[in-house]
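To start, the structure under review is shown below, and the notes come after it.
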Amino acid sequence: MLTTLLLGVPLAAQQRAPLQPPPPQLPEVVLAEGVDEVSVAAFGLGDGGVAAEREELRWHDEEGCVTPGGVRVVVRSVGVLLRFPSGRELLVAPDGVVHLRSGESAGNFPHGVELLLGDDSAVRVSLAQARKNRVRDVEVVHGRRALVPWRRGSAAQDEARTDRWAGARLACCGDGGDLYRPLALGPLVVLERVLVEEQRVDATPGERLVVLAQALRQSLQTMGRQHRDVDADVRRAVTAVAGVADRGDVILPVGAALPRAERERARWTCGGGFELQLDLDGPLAPRLALFAGRSPLPMVEWSLGTGAAAYLTNPKPDQLGKRWHGNGTRLPQVVPELQVREHLEELPRALAVLRRFAR
């Protein structure tokens, strides 16, 4: 009775009130395909707000140009507006700040920014530093072709061959308005969220790791052919690695989201009873390590970053005093456009994200 008088709600009704379910657990790690390049859609964060049907990169009679997935790029001296088929709009202002129509913003990016879209095209906005018209050049790129609706501070309708982009880069995920900074360390792409609509904060991860499984599987196949040791223990280890390579599509399935295997360590469950762990300490860190279940020693470890390579764990570490057998198997050059760049201090940023996962 006292509870009813104080709260104005019958006690029985309070007891029947359903508990609110916890928010859904967002995947921390996804496996993607890609060696030379990787699609924004492979990040597992939506289609980027683009249309499913593809057309040619083309000019638009009234609104600049249109990407293959239907994103309209409108350029004026007051900024660059992207209109997505999803209904999302994104504005790159002359001061380098990126805005959503709902009011959220990120930046600034004083020299400009490249926006990677879900249809594998990109919008590159270059900003001038000491001009009245800050928007200097705009390119809309697909493959090796680029349309140039804005050149040297005024409207244009040119075409060009593409070159590498040296400035800041963001990936447009979700409906086109969830922006992430992609930073690659060898076959590991680190995604850091920089802009999202306020009402979508809980529905989007602040960070995500994308493991390029195809590159890992290729290194395992090469490793099996590279080692010709006569030692019986080494031969058994190489045979085990060859078995993993043969079952690569089961153990490291493209498109899979990996659940956490442990709360205390950055370790995730793969297919076939294997586990993948991120290590940030010790030699050749940061590293990814593949374990057969709960084995205390990994079968293979991959160094990340410049000169990424796969290393066979020494089957006799106590006798030889070496952590790895051999000098490592170099990985193919992976997603070169996304690798961290020294002049933008991207490596410390990527490592800071990895440390948050490790905690």
Side-chain angles (χ1 to χ4, degrees), residues 17-34 38-52 67 69-71 81-92 97-107 109 113-123 168-184 188-212 253-261 263 266 268-269 276 278 338 349-350 352-359:
L19 295 174
Q20 292 296 320
Q25 186 68 33
L26 300 172
E28 295 179 321
V29 179
V30 298
L31 302 180
E33 196 163 16
V38 61
S39 172
V40 169
F43 296 161
L45 294 167
D47 61 9
V50 300
T67 74
V71 181
L81 178 65
L82 278 66
R83 291 193 171 115
F84 293 82
S86 64
R88 174 67 66 189
E89 292 188 349
L90 193 67
L91 175 70
V92 181
V97 177
V98 184
H99 299 263
L100 298 178
R101 182 172 288 279
S102 51
E104 298 83 1
S105 63
F109 303 97
V113 64
E114 179 184 52
L115 300 172
L116 305 179
L117 307 184
D119 58 4
D120 298 325
S121 62
V123 178
R169 177 181 289 119
L170 300 176
C172 297
C173 303
D175 63 358
D178 301 347
L179 269 57
Y180 286 80
R181 182 183 283 108
L183 305 169
L188 179 67
V189 181
V190 178
L191 298 176
E192 179 187 30
R193 190 181 66 196
V194 298
L195 180 62
V196 68
E197 191 176 15
E198 185 176 357
Q199 66 180 14
R200 289 181 50 78
V201 168
D202 293 336
T204 59
E207 298 98 6
R208 172 163 289 180
L209 303 182
V210 180
V211 178
L212 301 181
V254 168
L258 305 186
R260 271 262 183 173
R263 293 177 60 88
W268 298 272
T269 301
L276 193 67
L278 172 67
L338 299 184
R349 186 182 294 274
V353 175
L354 294 182
R355 282 192 288 271
R356 291 198 288 272
F357 277 100
R359 287 198 298 265

Restricting to non-hydrogen atoms, name the atom on [X] and the atom on [Y] that form the minimum distance, rounded to 0.1 Å.
| X | Y | answer |
| --- | --- | --- |
| Val196 | Leu100 | C-CD1, 3.9 Å |
| Ala358 | Ala266 | CA-CB, 4.1 Å |
| Pro85 | Ala51 | CG-N, 3.7 Å |
| Ala32 | Val210 | CB-CG1, 3.6 Å |
| Val194 | Ala106 | O-CB, 3.3 Å |
| Arg88 | Gly177 | CG-N, 3.6 Å |

Check: [Y] and [X] side chains under 4.5 Å, non-hydrogen atoms:
| X | Y | result |
| --- | --- | --- |
| Cys172 | Val40 | no |
| Leu338 | Val38 | yes |
| Val71 | Ser121 | no |
| Val29 | Leu278 | no |
| Leu31 | Pro253 | yes |
| Val98 | Leu91 | no |
| Val189 | Leu209 | no |

Mind checking the [atom1]-[atom2] spacing from [X] to [Y]? Nearest 0.5 Å is all I need.
| X | Y | atom1 | atom2 | value |
| --- | --- | --- | --- | --- |
| Arg101 | Glu89 | CZ | CD | 4.0 Å |
| Asp178 | Cys173 | CG | SG | 7.0 Å |
| Leu195 | Leu170 | CG | CG | 8.5 Å |
| Asp47 | Phe84 | CG | CZ | 10.5 Å |
| Leu90 | Arg83 | CG | CZ | 12.5 Å |
| Glu192 | Arg181 | CD | CZ | 5.0 Å |

Exercise. Quick one: do the Thr67 and Asp119 side chains pair a donor with an acceptor below 3.5 Å?
Worked result: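 Judged by distance alone, the side chains do pair up.
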
Exercise. Can you check salt bridge (Lys or Arg N to Asp or Glu O under 4.0 Å) on Arg193 and Glu207, steps first, answer last?
Worked result: CA-CA 6 Å; Arg193 190 181 66 196; Glu207 298 98 6; over 6 Å; no

Exercise. Among Val30, Leu191, Leu116, which one satisfies side chain to side chain contact (heavy atoms under 4.5 Å, CB included) with Phe43?
Worked result: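 Among Val30, Leu191, Leu116, the one meeting side chain to side chain contact (heavy atoms under 4.5 Å, CB included) with Phe43 is Leu191.
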
Exercise. Does the pair Leu183 and Arg349 meet the rule for a side-chain contact (heavy atoms from CB on, under 4.5 Å), with working shown?
Worked result: CA-CA 8 Å; Leu183 305 169; Arg349 186 182 294 274; 3.9 Å; yes

Given 3.5 Å as the limit, does a donor-acceptor pair link the side chain of [X] with the main chain of [Y], or not?
| X | Y | answer |
| --- | --- | --- |
| Arg208 | Tyr180 | no |
| Ser105 | His99 | no |
| Thr204 | Arg200 | yes |

